[in-house]
Structure formats: structure tokens, C-alpha cells
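Below is one structure, written out as C-alpha cells, with a few remarks after it.
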Amino acid sequence: MARKKEPKQTQLVEDKLKEKQKKAAEVLKKKKEEAELKAQKKQIADSLRKFKPGECLKHLTTRLDISLTQESYGNDVLTNLDTLDTKYEIISQPLPATITWIRDGNNSCEENLVLVILSGEKFVKLIAEMKITDEVNKFKRTFSNKRIILVIFGFEFYMTKLKKEKCSKTNNLSSALKNLTKSDVELAMIQLQLVCKCNCKLLETRADVALHVQQVTKSVAEMPFRLERQKLEEKSDWHASSDSKDCVKVDRLGNGLGRLWRQQICQFNNVTLDISEAIAQVYKTPTSLIKAYEVCSSRREGEKLLADITVRRGRGPSASTRTVGKELSKKIYYLYNSRDPEQHLSHVPEF
């Protein structure tokens, strides 16, 4: 007869089986969580990809009022938008001569910006009649308080024409236009900027208008990407970051500060790495150099502080030495000690 397993052995086998099943369930749960996290990351990456400079224009639609296509610059604007590889629609906007933008996505949303193109003649007449502020506020009310960019096409052309008409004996100008000066126009533009938060751009040619629309469209497309990058940079430590290939990375522990100091010295003309390393060897940080300047008894002593530091060039039998020299020493002194904001390091005072 087969011997029955004792209760203790049976319990031990059951416990091991439960433990094995528990571990298998945990592994399965972990794999499921990793798969969900991976899918979530992919979804976020896909949503963010459309904001990158190379992709963002494909997901933006520029909406132009139909009246703009009838202007002399209309075809130039459309041609420039075609070169951007972006979409555009010609529609009847709530107000004429306006351009808005809408971003594609699950929830398509309009950008908080309206570009308004006025002729120089209309702009000047609105200023003369003291109605320009009311006109801009009308655009803001109509477009739900969006930010307004005002483009004035042919301002100088019309001002020249107005000047000639003023000199003519048979002109039919209103008294407001007759008395209007260029200073009045400039004052009105400042008031628009301060009161209505509206910037004005004066453009004279069709190509200039088309280029400006193209540039604004590109900036609107890249705005989310730039704002996101700005948030990341604001979260970083005190040091500045950059996408430049010459950027020196500095981590939170301060690693890289020495290299950054040496590269800063190399910004001077004809300063090699040998010279910057020689100076950094004596003064490890900019702070230590500034403190050394503070204890100098005179300006002349400060100007000569770095002049005699030995610079070693090369290695082996061909190695040679030289000094930093008075000229560079003086320029570095004025970089850290000059109180004149107009001081040019290329024109520092003589010894």
C-alpha cells in the first residue's frame, strides 16, 4: 500500500505551489504594467511628435479671409504658404482682411492669435479720425480677445502720396488729414501697443507681407514646442542650457564648470586652449579671479594681474613657453571690472 503523505509535507507542497503561483502572477502583472507604460509612452511620444519643428507645420491650418486673395499680395502669400508644406483654407472670416490658425488633433483648437492686414491709407485715416483704438478693440471683441498683430501694407507709400496732396491746391483732404503728422502716427502706434497690447508692423512690398505671414505661421506652429522647452529649462538649475554643439554641459554636482570657465576665456580673439588652461590653473573659477582683482591696490595692478602667467605650448623637445601678455590681461580685467556699459574690449585704455 502507498504511504499517505503526512499533513506537514502536504502543507509544505501546497505552500510552495501557492508561492510559485503568486510569483507567476506578480511577473504577469509586472509585464502587463510594463506593456501599459510602454503603450502610454508611445502615445505621448506620438502626440508630442506633431509639435516638433519638422512636423508641426503639417498639423496646422492657416485660415485666410477671402478678401485677402483679392489684394495685390494675395498670390504671394499663398505661394509662400505652399513652400511651408502646411495647409490653408480660404474662408469668410467674421471680419475682413484677417488670418487665424487652427491646430489639428483630437480636439482641434484655434490659436490665440489674429493677424490683421490694413492698407496704409485706411490705417492713417483711422488715426486721423481717432478711431484706430476702437477698430482694434472691435477685432479683439469679435475674435474672443485673441492677441492682435496689425500689419500695415504701404504706409510709407501713402504718406508720400498724402504729402503731395497737401501741397496741391485742389486737394479734398479733411482737416484731420491735413494736420496729421508722422509723429501723430508713431504716437498712435505706441498707444496701440500699451493700451490694446497690439503690435504694428509696417511693410511696403508684396514680398514683405508674404514673408511676414510665412514667418508668423511658422512661429505659431512651433509655439507649443518652444513653450515646452522653456518649461524644461526653467526647471533646470542656475546654469543656462543650450542646443549649441559648443555648449558645455554642467550637471547638478558642478561637473563641467571647469571646462565652462576655460571655454569662457577662449571667447577672446586669438586665445587658445593652452592660454585658458594656464589662467584657469592659477584662478580655478571666475569668483577667485574677481576676488584677486578686489585686493589689487590700483587699476594698473589689476590690468597686469594675468600678464606674467606662464603658458606652456606643446610637449617634448619642441615644447615652448610664453606669457599671457599685457594686452589680454588688460581685456580680461575690463571684462570683469568695467562699469561702462558702452566699453569695447577692443578699445581699452592704454597702460
Side-chain angles (χ1 to χ4, degrees), residues 44 46-69 71 73-74 77-78 80-119 122-123 126 131-153 188-203 208-235:
I44 293 172
D46 290 340
S47 64
L48 290 176
R49 189 176 294 115
K50 67 180 181 182
F51 295 133
K52 290 185 177 180
E55 294 287 327
C56 56
L57 282 163
K58 298 176 184 177
H59 302 275
L60 189 77
T61 301
T62 305
R63 290 179 162 181
L64 303 99
D65 183 66
I66 192 168
S67 64
L68 294 174
T69 60
E71 299 292 342
Y73 49 77
V77 170
L78 298 181
N80 277 28
L81 289 176
D82 284 332
T83 62
L84 281 180
D85 190 25
T86 187
K87 295 171 284 185
Y88 61 82
E89 297 175 348
I90 300 171
I91 63 173
S92 180
Q93 293 274 28
L95 287 175
T98 54
I99 301 175
T100 57
W101 292 266
I102 186 168
R103 198 176 298 275
D104 304 340
N106 296 330
N107 297 314
S108 296
C109 60
E110 282 196 352
E111 294 298 314
N112 187 36
L113 188 69
V114 180
L115 191 144
V116 182
I117 305 178
L118 296 181
S119 68
K122 184 176 181 179
F123 179 64
L126 285 169
K131 293 180 180 178
I132 187 64
T133 303
D134 294 336
E135 185 76 6
V136 171
N137 285 332
K138 182 178 72 174
F139 281 108
K140 294 188 79 169
R141 286 193 302 272
T142 305
F143 289 98
S144 306
N145 283 322
K146 294 181 186 294
R147 190 160 66 89
I148 306 295
I149 296 178
L150 203 57
V151 171
I152 313 304
F153 174 57
M189 290 172 63
I190 294 171
Q191 288 176 338
L192 284 177
Q193 188 171 5
L194 296 177
V195 178
C196 303
K197 311 297 182 187
C198 170
N199 291 329
C200 297
K201 187 79 173 176
L202 304 179
L203 301 173
D208 288 340
V209 173
L211 179 61
H212 188 66
V213 173
Q214 181 187 43
Q215 290 172 337
V216 173
T217 300
K218 188 175 180 182
S219 296
V220 169
E222 295 178 357
M223 195 180 298
F225 175 78
R226 295 180 185 279
L227 290 174
E228 191 63 32
R229 188 169 66 177
Q230 183 180 342
K231 287 179 184 177
L232 293 173
E233 289 178 356
E234 287 173 353
K235 290 179 182 178

ask   = So, does Thr86 use its side chain to make a donor-acceptor pair with the main chain of Leu57 at under 3.5 Å?
value = yes
task = Find out whether Leu115 and Val151 are in side-chain contact, i.e. whether some heavy atom of one side chain is under 4.5 Å from a heavy atom of the other.
result = yes
Euclidean distance, Arg226 CZ relative to Met223 CE, rounded to 0.5 Å = 9.5 Å
query = Side-chain contact, heavy-atom cut-off 4.5 Å: Met189 with Leu202?
reply = yes
key: Flag side-chain contact, heavy atom, 4.5 Å: Phe123 against Leu150   = yes
message = Just checking Lys146: does its NZ atom have more than 12 heavy atoms from other residues, nucleotides or ligands closer to it than 6.0 angstrom?
response = yes
query = Is there a donor-acceptor pair under 3.5 Å between the side chain of Arg103 and the backbone N or O of His59?
reply = no
remark   = The reported gap from CD1 in Ile148 to NZ in Lys197 (rounded to nearest 0.5 angstrom) is 14.0 Å
inquiry  = Please find the pair of heavy atoms, one from Ala221 and one from Cys56, that lie closest to each other, and give the distance.
reply    = O-CB, 3.3 Å
ask   = For Thr98, does its backbone N or O pair with a side-chain atom of Arg63 as donor and acceptor, under 3.5 Å?
value = no
Validation row: Glu89, Ile102 side chains within 4.5 angstrom (heavy atoms) = no
query = Taking side chain as C-beta onward, heavy atoms only, is Ile117 less than 4.5 Å from Leu68?
reply = yes
Atom of Cys200, atom of Leu192 and distance for their closest heavy-atom approach = SG-CD1, 3.7 Å
task = Please check if any side-chain donor atom of Glu110 sits under 3.5 Å from a side-chain acceptor atom of Thr100, or the reverse.
result = no
Sidechain-backbone polar pair: Lys58 side chain, Asp85 backbone, donor-acceptor under 3.5 Å = no
Distance (rounded to the nearest 0.5 Å) between Ile91 CD1 and Thr61 OG1 = 10.5 Å
Donor-acceptor list for residues 135-145 side chains, cut-off 3.5 Å, not counting sequence neighbours:
unit_1: Asn137; atom_1: ND2; unit_2: Thr133; atom_2: O; d: 3.3
unit_1: Lys140; atom_1: NZ; unit_2: Cys196; atom_2: O; d: 3.0
unit_1: Thr142; atom_1: OG1; unit_2: Lys138; atom_2: O; d: 2.8

request  = Begin with the C-alpha distance, continue with both residues' side-chain angles, and end with the deciding distance and a verdict on side-chain contact (heavy atoms from CB on, under 4.5 Å) for Val77 and Glu71.
outcome  = CA-CA 10 Å; Val77 170; Glu71 299 292 342; over 6 Å; no
query = Any side-chain heavy-atom pair from Gln214 and Leu211 closer than 4.5 angstrom?
reply = yes
key: Pairwise side-chain contact, Lys87 with Asp104, heavy-atom cut-off 4.5 Å (strictly under)   = yes
inquiry  = I'd like to know whether Val216 forms a side-chain contact (heavy atoms from CB on, under 4.5 Å) with Leu113, so could you lay out the CA-CA distance, the side-chain angles of the two residues, the decisive distance to 0.1 Å, and finally the verdict.
reply    = CA-CA 10 Å; Val216 173; Leu113 188 69; 3.9 Å; yes
task = Please confirm whether the backbone N or O of Leu203 pairs with a side-chain atom of Asp208, one donor and one acceptor, at under 3.5 Å?
result = no
Leu84 and Thr62, any side-chain heavy atoms less than 4.5 Å apart = no
query = Which pair of non-hydrogen atoms, one from Ile66 and one from Ile90, has the smallest distance, and what is that distance?
reply = CA-CG2, 3.8 Å
task = Working to the nearest 0.5 Å, report the span between CG of Asn80 and OG1 of Thr217.
result = 9.5 Å
